[in-house]
J.: 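Shown below is the structure under consideration.
Each chain gets a letter, A, B and so on, in the order its sequence line appears, and its residues count up from 1. Worth saying up front: this structure is predicted, and the values here are computed from it rather than measured.
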Number of protein chains: 2
Amino acid sequence: MSSEIRLTPTSYIVLGLTEAAGEATPYELKQVVAAGLGDFWSIQHAQLYSEPERLAAGGYLAERREKGGRRRRHYKLTATGRQALRDWLKEPTADLAELRDPGLLRLFFGAEPKPLSEAQLPVHRKKLSDYEALLAELGADAPEAIRLPLEAGIGHEREWVRFWSKIAK
Amino acid sequence: MSSEIRLTPTSYIVLGLTEAAGEATPYELKQVVAAGLGDFWSIQHAQLYSEPERLAAGGYLAERREKGGRRRRHYKLTATGRQALRDWLKEPTADLAELRDPGLLRLFFGAEPKPLSEAQLPVHRKKLSDYEALLAELGADAPEAIRLPLEAGIGHEREWVRFWSKIAK
DNA sequence: CCTATCATGTAATCCGTTACATGATTAT
DNA sequence: ATAATCATGTAACGGATTACATGATAGG
């Protein structure tokens, strides 16, 4: 069976998180997203219900549904799903992220820089210090998969703080 | 009339570009996007046809259609549209951009850092040097609305180059 | 015991992307 | 002249967001 579906970043997020968990319900996925990934790639919780369903229809996930009670759905990777994830991980993408920053967009269209900087600075500072605290807590022995994205986040938040500070002053 | 529509970032981009142009066709908008804005906030060209239509339906744009020939549609802001843009520009947003970087996402799920860095570095370096060339060309007297976003772009591209270089080495 | 919040999910809407299509220019 | 590319637009699909809804659990 397994109809053709297109795999989006969201798909790979669900595949990746599910593999890490072994088996997971949408709600568990939501927890994991909130615990870290969501900082740099957020997902609406409704998608954590619809996307696994899509992936199951495509043959990438297998669904097991509880018989009684809440009848929760549990998902795990199929061989196809595991392979798709592997292939994606192996592909050294040259795609770049776009900035898509709401504040920058306003600047571009002529907003006053000063008030913008005053709104942006505290939230960037907060995010930066959250990241730094997390990194400190994890220590130097944290796995690369966690440490590197975190360091990237820190670098970019520092850059934002620099940028808006220059304007605020 | 004018049905209720929700204004998205895309809406404000169309409003902002249209105001700057005085009057514009979708194709002209496309040109302007390609000329700069698209670097940090890209738009599919089809949206530059559908979004003005939506905005016109909402009463934010007025449409004038050529009688003969190509029957092109020309759009300009209405008073409502101009006001909406003003309000948006005045609002000192505290919303932050997310990284949403395809390479980082792969790192997070355990991809090999080295090959990724080798794919990412050249494109980031290219983008960085494009930006720097553009800034040099514009000179120090460029309007803030252009210069600041460009400087932000440069800062972040430098950060990416730093990040991936550390990994590549 | 009541209420607030967490847990868990479904449904509808709609924006954004992709695919398709054709007339006009420019290059060879 | 013909091919290629630019200019200009429409249509369809689908993923993502928003809104709605209800059962369980914990706090006061």
J.: So, does B:Q44 get its side chain near the phosphate of C:dG16, meaning an N or O under 4.0 Å from OP1 or OP2?
T.: no
J.: In terms of the nearest nucleotide of DNA chain C, which residue is placed more toward the 5' end: B:S50 or B:H45?
T.: B:S50
J.: Figure out the CG/C1' separation between B:L55 and C:dG16, and round it to whole Å.
T.: 14 Å
J.: Quick one: are A:Y60 and A:S11 in side-chain contact, heavy atoms under 4.5 Å?
T.: no
J.: Which whole-number value in Å describes the distance from B:R65 CZ to D:dG9 P?
T.: 8 Å
J.: Could you state the atom-to-atom distance from CD of A:E53 to C1' of C:dT8 in whole Å?
T.: 14 Å
J.: B:I5 has an atom CD1; how far is it from atom C1' of C:dG16, in whole Å?
T.: 15 Å
J.: Where the side chain of A:R6 is concerned, which of D:dA19, C:dT8, D:dG15 is the nearest nucleotide?
T.: D:dG15
J.: So what does B:T10 touch, heavy atoms closer than 4.0 Å: a base, only the sugar-phosphate, or nothing?
T.: sugar-phosphate
J.: Could you state the CZ-C1' distance from A:R100 to C:dC15, rounded to the nearest angstrom?
T.: 12 Å
J.: Are more than 12 heavy atoms from other residues, nucleotides or ligands located less than 6.0 Å from atom NZ of B:K127?
T.: yes
J.: Without decimals, in angstroms, what is the distance between B:R54 CZ and C:dT17 P?
T.: 13 Å
J.: Mark yes or no for whether B:T78, through its side chain, and B:G59, through its backbone, hold a donor-acceptor pair below 3.5 Å.
T.: yes
J.: C:dT17 P sits how many Å from A:D95 CG, rounded?
T.: 14 Å
J.: So, OP1 or OP2 of C:dT17: does either fall under 4.0 Å of a side-chain N or O from B:Q47?
T.: yes
J.: Parallel under 30°, tilted from 30 to 60°, perpendicular over 60°: which one fits the rings of A:F40 and B:F108?
T.: perpendicular
J.: If you measure from the Lys or Arg side-chain nitrogens to the Asp or Glu carboxylate oxygens, is any gap between A:R147 and A:E144 under 4.0 Å?
T.: no
J.: I want to verify a distance call: between D:dT8, C:dC15, C:dT8, whose nearest atom is closest to the A:Y27 side chain?
T.: C:dT8
J.: Can you tell me the distance, in whole Å, between the CG atom of A:L29 and the C1' atom of C:dT8?
T.: 13 Å
J.: Report yes if a side-chain nitrogen or oxygen of B:R73 is closer than 4.0 Å to either non-bridging phosphate oxygen (OP1 or OP2) of D:dT10; otherwise report no.
T.: yes
J.: Between D:dA11, C:dG9, D:dT17, which nucleotide has the shortest distance from any of its atoms to the side chain of B:A46?
T.: D:dA11
J.: Nearest to the side chain of B:Y49, which nucleotide is it out of D:dA16, C:dA7, D:dT8?
T.: D:dT8
